[in-house]
Amino acid sequence: MTELTQADRLAKARAMREAGVDPFPARGVAAQPIASITSRAGSVEAPGPAIGERVTVAGRMAVPRDFGKLIFAPLFDRTGRVQIGFQRDVLGDWWPRRKWLDAGDLIGITGEVGRTHKGELTIWAREVQLLAKSYAPPPEKWHGLVDIEQRYRRRYVDLWATDGVMEVFKKRSKIVSTIRRFLEAQGYLEVETPTLHPIFGGAAARPFVTHHNALDCDFYLRIAPELYLKRLIVGGLERVFEIARNFRNEGLSPRHNPEFSMLELYEAQADYRRMMELAETMLETVALEVNGTTKVSFRGRDYDLKAPFQRVRYTELFREHAGCAFDDQPAVRRRARELELADPGNYWKLMNDVFEATCEEHLIGPVFCTDYPVAICPLAKTNPEQRQLAERFELFLGGMELGNAFSELNDPEDQEQRFAEQVRSKDPEAPGEVDIDYVQALEYGMPPTGGLGIGIDRLVMVLTGQDTIRDVLLFPAMRPSAASDVAPAAT
RNA sequence: GGGCGCAUAGCUCAGUCGGUAGAGCAACUGGCUUUUAACCAGUAGGUCGUAGGUUCGAUCCCUACUGCGCUCACCA
């Protein structure tokens with residue numbers, strides 16, 4: 001036992017066992033969802049069909065209000081909350097056992113649906129069953145869990161103790177399932193590709209490294225599923241998607257968690273224009289499905305996810321806000337010095353730093369920023385009309401990158417050269433060796449393909465109005481708790 | 001990694017210009033059959049994050065450490 005257990009609760013459990021009652025019985029009760037009862041009960045003026053009905057509910061009991069011979073206590077399950085009324089004159093033999101119950105206990109109640117004098121919907125208990133004793137007391141009833149660290153560390157408490165938390169995660173689940181249905185309806189196949197990668201690629205990020213004992217070699221936790229999914233396009237699956245957990249060894253921020261979920265999809269015969277349409281239609285559909293509206297409020301600003309989204313060219317945005325052409329090297333370098341940007345040692349990286357410093361704040365959106373300089377797009381096809389540009393876009397909302405897409409580069413020779421260039425750069429975020437296996441896949445022929453990535457966590461942030469990524473992750477990354485906080489080993 | 005801030009009862013917080021601490025809720029005892037942050041009376045509960053230092057004396061002042069929050073940096 002840990003310091004969370006309260007002696008009086010433990011003592012009650014022992015008293016129960018002595019009386020032949022198991023505080024942790026093997027089986028639960030067949031209970032109806034509370035919401036199914038409250039929704040049928042109607043109003044005080046027009047009581048619905050549930051009134052008078054005998055029902056069984058199960059859930060966690062909140063703090064009881066004790067009147068001596070009458071006790072009221074709220075009970076809640078995953079669907080809702082209802083008041084339970086315990087009466088001495090109804091409960092008979094069970095009545096003395098009421099003292100065994102504490103706030104936070106999991107109980108099952110069978111009783112009649114009714115109302116109090118004040119009209120509150122109440123289930124008047126006839127049978128009470130303790131389903132599991134709660135040794136640790138719930139958080140303070142009015143303030144709830146306010147310590148942010150504790151909220152994340154003890155999400156299992158936060159989910160029911162903090163208003164709105166469960167709602168966010170239910171919505172997250174609905175967002176993901178809506179995306180699956182949307183893509184399946186378009187003939188997409190959901191696939192799973194490796195998380196352990198011998199070479200990291202498909203994005204620019206520092207990887208986590210791990211070791212496989214039997215093979216005695218290092219693996220990287222994937223930073224993106226991209227290169228495996230495109231192998232499947234070579235394999236002829238033609239339309240694939242994966243909702244992949246990616247791992248990037250980077251700092252934490254309100255927008256970054258070291259492990260995060262990314263939707264990536266690839267479609268043969270498509271290009272980045274089709275990906276734009278797919279992205280905006282998908283977001284519009286998901287918003288309507290989970291929120292009933294395309295309007296969202298995020299970080300104090302209102303947005304409309306109704307398709308089509310605005311489109312703006314990277315190069316035009318650059319000229320407008322950076323004040324020079326993206327390929328005017330002397331001017332861009334001058335601008336970078338004015339902005340006091342550190343020189344990354346590579347012109348195109350510097351140029352993109354200037355872009356981020358001057359343009360991203362203007363990408364309120366939802367907006368597609370299109371036609372990136374090809375030099376910063378190692379996996380995207382060159383625009384046939386403008387050889388300096390790639391067929392690529394990023395989707396922004398509120399200055400935050402939500403998505404990234406391009407017409408996939410399928411020329412193996414070109415791809416090999418771009419990989420080789422990355423390796424030469426010695427950039428810690430670029431792979432250390434050319435992914436020959438991927439180049440070989442392209443040598444068999446990959447059809448013209450459009451690919452799209454959407455950050456699921458960030459999309460959930462937008463659709464649920466949460467400011468930080470940690471509020472849409474059930475268990476956000478945190479430093480392991482200090483030894484003193486860890487429960488001592490069982491004795 | 002840098003800066004700023006926080007750490008006191010199970011929870012939420014107050015407090016001590018340096019003399020080892022209080023409230024509300026939760027708990028416990030008693031009362032109450034219509035409350036909904038129930039109420040009334042009483043009881044109990046704290047190595048004041050950890051380790052040093054200054055001091056007659058530290059929860060308070062100083063230093064370091066640990067954890068967390070905000071922020072900057074990092075982050076396609």
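Predicted, not measured: the structure shown is a model, and the values here were computed from it. Order of the sequence lines sets the chain letters (A, B, ...), proteins ahead of strands, with each chain counted from 1. The figures that follow rest on heavy atoms only: side chains count, while hydrogens, waters and symmetry mates do not.
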Of Pro138(A) and Ala103(A), the one whose closest RNA chain B nucleotide lies more 5':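 Nearest nucleotide further toward 5': that of Pro138(A).
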Please report the distance, rounded to the nearest Å, between [atom1] in [X] and [atom2] in [N].
{"X": "Glu120(A)", "N": "U36(B)", "atom1": "CD", "atom2": "P", "answer": "10 Å"}
{"X": "His143(A)", "N": "C25(B)", "atom1": "NE2", "atom2": "P", "answer": "12 Å"}
{"X": "Asp147(A)", "N": "C11(B)", "atom1": "CG", "atom2": "P", "answer": "9 Å"}

Charged N to carboxylate O under 4.0 angstrom, Glu226(A) versus Lys230(A)?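 Salt bridge flag = yes for Lys230(A) with Glu226(A).
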Do Asp102(A) and Lys12(A) sit within salt-bridge range, that is, some charged N less than 4.0 Å from a carboxylate O?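 Here Asp102(A) pairs with Lys12(A) in a salt bridge, since their nearest N and O are under 4.0 Å apart.
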Hey, do the aromatic rings of Tyr135(A) and Phe24(A) have their centres closer than 6.0 Å?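 That pair passes the under 6.0 Å test.
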Does [X] have a side-chain nitrogen or oxygen under 4.0 Å from the phosphate oxygens OP1 or OP2 of [N]?
{"X": "Arg153(A)", "N": "C68(B)", "result": "yes"}
{"X": "Arg470(A)", "N": "C70(B)", "result": "yes"}
{"X": "Lys12(A)", "N": "C28(B)", "result": "yes"}
{"X": "Lys349(A)", "N": "A76(B)", "result": "no"}

Across all strands shown, which nucleotide pairs with A58(B) by Watson-Crick or G-U wobble geometry, both distances under 3.5 Å?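 Partner of A58(B): none.
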Would you mind classifying the nucleic acid contact of His117(A) as base, sugar-phosphate or nothing, using non-hydrogen atoms under 4.0 angstrom?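 Since a base atom lies under 4.0 Å of His117(A), the category is base.
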Contact class for Trp124(A) (heavy atom, under 4.0 Å): base, sugar-phosphate, or nothing?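 The answer is base, as Trp124(A) lies within the cut-off (heavy atoms under 4.0 Å) of a base atom.
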Mind checking whether Met400(A) and Leu363(A) have side chains closer than 4.5 Å, heavy atoms only?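 When only atoms from C-beta onward are counted, Leu363(A) and Met400(A) do not touch, as no gap falls below 4.5 Å.
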Pro137(A) side chain: which of G10(B), A76(B), U12(B) is closest?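 Of the candidates, G10(B) comes closest.
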By nearest atom, which of the nucleotides A27(B), C13(B), U36(B) is closest to the Asp8(A) side chain?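 Nearest listed nucleotide: A27(B).
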Take atom C1' in U59(B) and the same atom in U54(B), then report the distance between them in whole Å.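 One C1' to the other, the span is 16 Å.
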